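For reference, the structure is listed below as structure tokens.
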Amino acid sequence: MDAYELITRNAAEVVTESEIEALADDPEGKRAYVGYEPSGVLHIGHMLTANKLIDLQEAGFEVTVLLADVHAYLNDKGSFEEIRHTAERMRDQFIAYGLDESNTQFVLGSDFQLDDDYTLDLHALELETTLARAERAMAEISSGDSVKVSQAVYPLMQALDIPYLGVDLAVGGMEQRKVHMLARDVLPSIDREPPTSLHTPLIADLGTGRGKMSSSEGVTISMEDSREDIESKVNDAYCPPTADPEPTDDGVERENPVLQVFEYHVFPRFDSVTVERPEEYGGDLVYDAYDDLEGDLESGELHPADAKDALAEYLDRLIAPGRQQLAE
Ligand code: IYR
């Protein structure tokens, strides 16, 4: 796989393609980052962008993980002290998950976001941005119903993080895209480059295939799950024999989350996937590529129950090192 393919595989969107091509021409020493509001324990949403960081490291990038303590505080996630403590716990879990330690820089937001220069630049961006625009950028991130001033400041700080961290590429889930678009628009007003960004897809809720999997609602997978937890969640997952399920009767779109987890979590991290089956049911199936597994589920060659057993096995392998680390 060439650098461009590795950088963009499984991305829902890149902004812009030609900017990514320029980075892919000479990726050595380029820097990419993801910011996370510290939440204590890594869950499957963190793991999705972490997979992309691992791809980028393989392509030659250096990686910064921003433990966004000030952002979590602004988004009403607890007292600053608590959040700081939680942030410390996340470093080791990212490394246990598979980020290359020798090439990952962890930065706390509060290490630079409270400095004078940053604060003055932030005020300059506040002058350039309407409340309505800031509010729109936060629609898929904000945790409360009523919009507080803190939530208008949040996306402007996220935009400013990009030049302050000196990164060439901002990575995030699709829910971050409006913040990155705002950053492209407002950073030039303070003589900073519009940033290049890459967004990972959102995975549907494991139980229903609807909406997006999140740590706050529905079924999710986290580093705290035991093997039995994973088996029972995956066993109960929505998995029709198609990658393109019909919407619900009331018109809500659905995805196949079991296939999505294979595509975005398992195949990027394993060279091949074995679905174990007794001889009388046709014996083991070995897949080198996601599309072959999807094709077999659709044709009926692979039964959803066997796909789920294999998914639980591979998710367990991905999570085991983080679970171990949490137990220490
Ligand atoms: N908005 C992110 C957290 C975050 C991301 C970046 I990239 C930053 O520079 C700062 C914060 C979230 O929703 O978790």
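Counting starts at 1 for both ligands and their atoms, following the listed order. These figures come from a predicted structure and were not determined experimentally.
Between V275 and D309 the shortest side-chain heavy-atom distance does not fall below 4.5 Å. Between L156 and E126, the closest side-chain pair of non-hydrogen atoms falls below 4.5 Å.
The pair E228-K233 fails the salt-bridge criterion, with no side-chain N (NZ, NE, NH1 or NH2) lying under 4.0 Å from an Asp/Glu carboxylate O.
For ligand 1, the 4.0 Å heavy-atom shell takes in Y33, G35, E37, L66, A68, H71, I141, Y154, Q158, D161, Q176, ordered by chain and residue number.
Below 30°, between 30° and 60°, or above 60°: for Y290 and F267 the angle between ring planes is above 60°, a perpendicular geometry.
Using modelled atom types, one side-chain atom of D205 and one backbone atom of V219 make a donor-acceptor pair closer than 3.5 Å.
Of the N and O atoms on the side chains of D284 and T274, not one donor lies less than 3.5 Å from an acceptor on the other residue.
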